[in-house]
Amino acid sequence: MKRFIFHLVTLLPLIFFGCQEAENFTPRDYSFIQSQEIHSVDASGATIDFNIIDPGIFPIVSYGVEYVEKELFERPFFEGPFLVEEVEGEPSSEALSIRMETDLISGVEYVARPFIKSNKLTVYGEFLSFTAQGSKAPIISEVSSSVLGMRLEITIRGNNFSQRPQNNRIVVPGLEDYFEFEILESSKESLRVRVNKKILKESYSDDERYDLVLNVQGQEAILSSLFTVGYPRISQINTLKARVGDEIIVDLILEEEREFLYITLNYERANFLALPLQRIGGNQYRTVLTPYPTGKHILGFLMEGIYNVYPEEFEILED
Amino acid sequence: MRKFFFQFAVIILLIQLFSTELLAQRNDYIVLNDTIFSEGYIKQEYSEITSTIYFRKTKKEPWNKYSNTQVKEYYFSKRKYYAKEIERGNGREFIFLKLIPNQLEGVNLYRSTDQKMQFFLEKEGSIQLLDESYREVLRQTVANAELDPLLEITHFTGEDMAYFLSEAGTFKKPRTYSKRVGVTPFSGVIQTINRFQLPNTNQLARVTGAGWQLGTDMEIQVNRLRNVSLHLRPSFSSSSGSDFIIFRDGGNAFETDSYLSQTIFQLPLSGKFHLDLVPNSWRAFGEVGYGISFINLQESSLQIAEIQEGSVTTYVRDFELNGLYNGFVGGLGIEKYLSKGRALIIGIHYSSMSSGVEKFAETSMFVGFKF
């Protein structure tokens, strides 16, 4: 009996402590994430930490953080849009940190929540709040065209742009009377900009160069001597004399394909002729001369409101 | 109404006490050697308590002094005293002894009036001083082997020895004998169930946990047969567990893991009834009572997923529980009796308690050793 009691006394603690259940998690289809904290709040942004408690069964395609001004968030029926920092691909560890680097205004309170995206499902963590001390200044690394007037749209690439189009402002000093810029889309790393021509600049040359100034919520990025001015025009024509029904081939100075391109005769007169151009290849186009009075006429190029006169006249011969 | 009942109870108690004192005095008596029996008032002087008493019939009379050679017997304060010639190391002497009543006919147990732990056993006109061999003397006196288990737990006290003699006097069949007071340290494994309302919802969670328990059962027998006892059973437990629930609240679906880790101090007061299976070997018991539990939440977490169309919001919260619960306790078990009244106890103890809408239940399987 003594031996039995001895064994009982020695075994019981093992049995007892084996009964304790550790904190466990019931696996689910979706990911389960937990917001941890926001730290490193300074003039260059703020960092949110979060944990992936369970990755779920679906592959993760991206993860990141959504954030917005608290005052905006607390408005009734607010559903977005949020500012986003997103990383493509699967996370490399369970403990993640995402840095918010854009659109943070010093002294303004924000709320932020992490997210994970898998197929057709986004899992969000809990909102955390913080007061920003600012965000990084914009950097321009690439502009899709350096000739203003050639394109309807240009794309500016770089970093730390405002994700809200209206918070990005583009100025090209010296060309304010000729061009205005409308931000169509913006992300942290690119701006899609519509270049509206107010009036055509009559004289321009490759020697006249202009700066690009991007202002993002008071912080500027300048690309010096980036732009020249230029408009789509005819660079070469196969003949300056033709009969009705003849084929005319032109080479254009053009940076982007457009749907409606014409060569014109006497465009600025009431009975002008517009001949639609068909692309042959590269910047080479063709058209066929339709009936028009014989004689010499002013030759020009018309593209979506831009009209450029060719320096020589075009003559229509009698049949 | 309560106040009236309380006042009434106090008055009844005072009257009872007062009347008891009067009766005690009125019933005191003295029997002189010439067998004169007189009722009256008795006074003892401790300095001469073995040899002398004082008696008067009425309060107006002066005290009369009587020696133990004059007085054969007297009754004072509900106790009988006899003048006996005894031997206790200083030669034979004549002293007053206090009778300790028992139910074994022909055997009297006395306590010395001047030494609290000095006892004498009288049988068939022979009186002897009891010493450390008192168990052997008692065994020979009653000559009943079925009482040996009781003799093992009979201590050198008037109460124990009188109980032993009474059991011998009323013996009908063997039964289990237990100590009047027992202490049983125990330990066990427990299953706990916490029911509580999830914060900010109408949903109840039910967390089932497991853990261990340590405690001490302190018992006192409340009847002569010592098969009904009163128990104070403080215990300390630790458990942890989790629960997964799916529910809808406010139009959204929720899937939530609830986890808690807790320590519990429980203080039940219960009555226990014992039933002999094999006398002095196996005994079953059942108990019911009332208890309180103090719960100290060590760790708590809710892993909540709020499911909407196309998105899930997940977050982790902790939660609080009430600290004090009270309610029913009960149990069943078996005792295996060993020597000297010790026993190995195996049983199940259950408690079901509440605190507002929160409920707590604990079931333990325990092993204890009664000393």
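Order of the sequence lines sets the chain letters (A, B, ...), proteins ahead of strands, with each chain counted from 1.
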* Asked: Taking everything shown except R164(A) itself, do over 12 heavy atoms lie less than 6.0 Å from its CZ?
  -> yes

* Asked: So which part of I53(A) gets closer than 4.5 Å to some heavy atom of chain B, the side chain, the backbone, both or neither?
  -> side chain

* Asked: CD/E126(A) to CZ/R317(B) distance, rounded to the nearest 0.5 angstrom?
  -> 4.0 Å

* To do: Enter the distance from Y30(A):OH to T314(B):OG1 here, rounded to the nearest 0.5 Å.
  => 8.5 Å

* **Neighbour count above 12 (heavy atom, 6.0 Å) for R157(A) CZ** => no

* E320(B), CD: over 12 other non-hydrogen atoms inside 6.0 angstrom -> no

* T26(A) versus chain B, the contacting section by heavy-atom distance below 4.5 Å -> both

* Asked: Using non-hydrogen atoms only, which part of E255(B) is less than 4.5 Å away from chain A: side chain, backbone, both, or neither?
  -> both

* Is there side-chain contact between R28(A) and F244(B), with at least one heavy-atom pair below 4.5 Å? -> yes

* Asked: Within a reach of under 6.0 Å around CD of E94(A), are more than 12 heavy atoms found that belong to other residues, nucleotides or ligands?
  -> no

* Could you look at F32(A) and say if it's the side chain, the backbone, both or neither that has a heavy atom under 4.5 Å from chain B? => both

* Non-hydrogen atoms of chain A under 4.5 Å away: do they reach the side chain of T256(B), the backbone, both or neither? -> backbone

* Structure fact -> Bottom line for I304(B): the part with an atom under 4.5 Å from chain A's heavy atoms is backbone

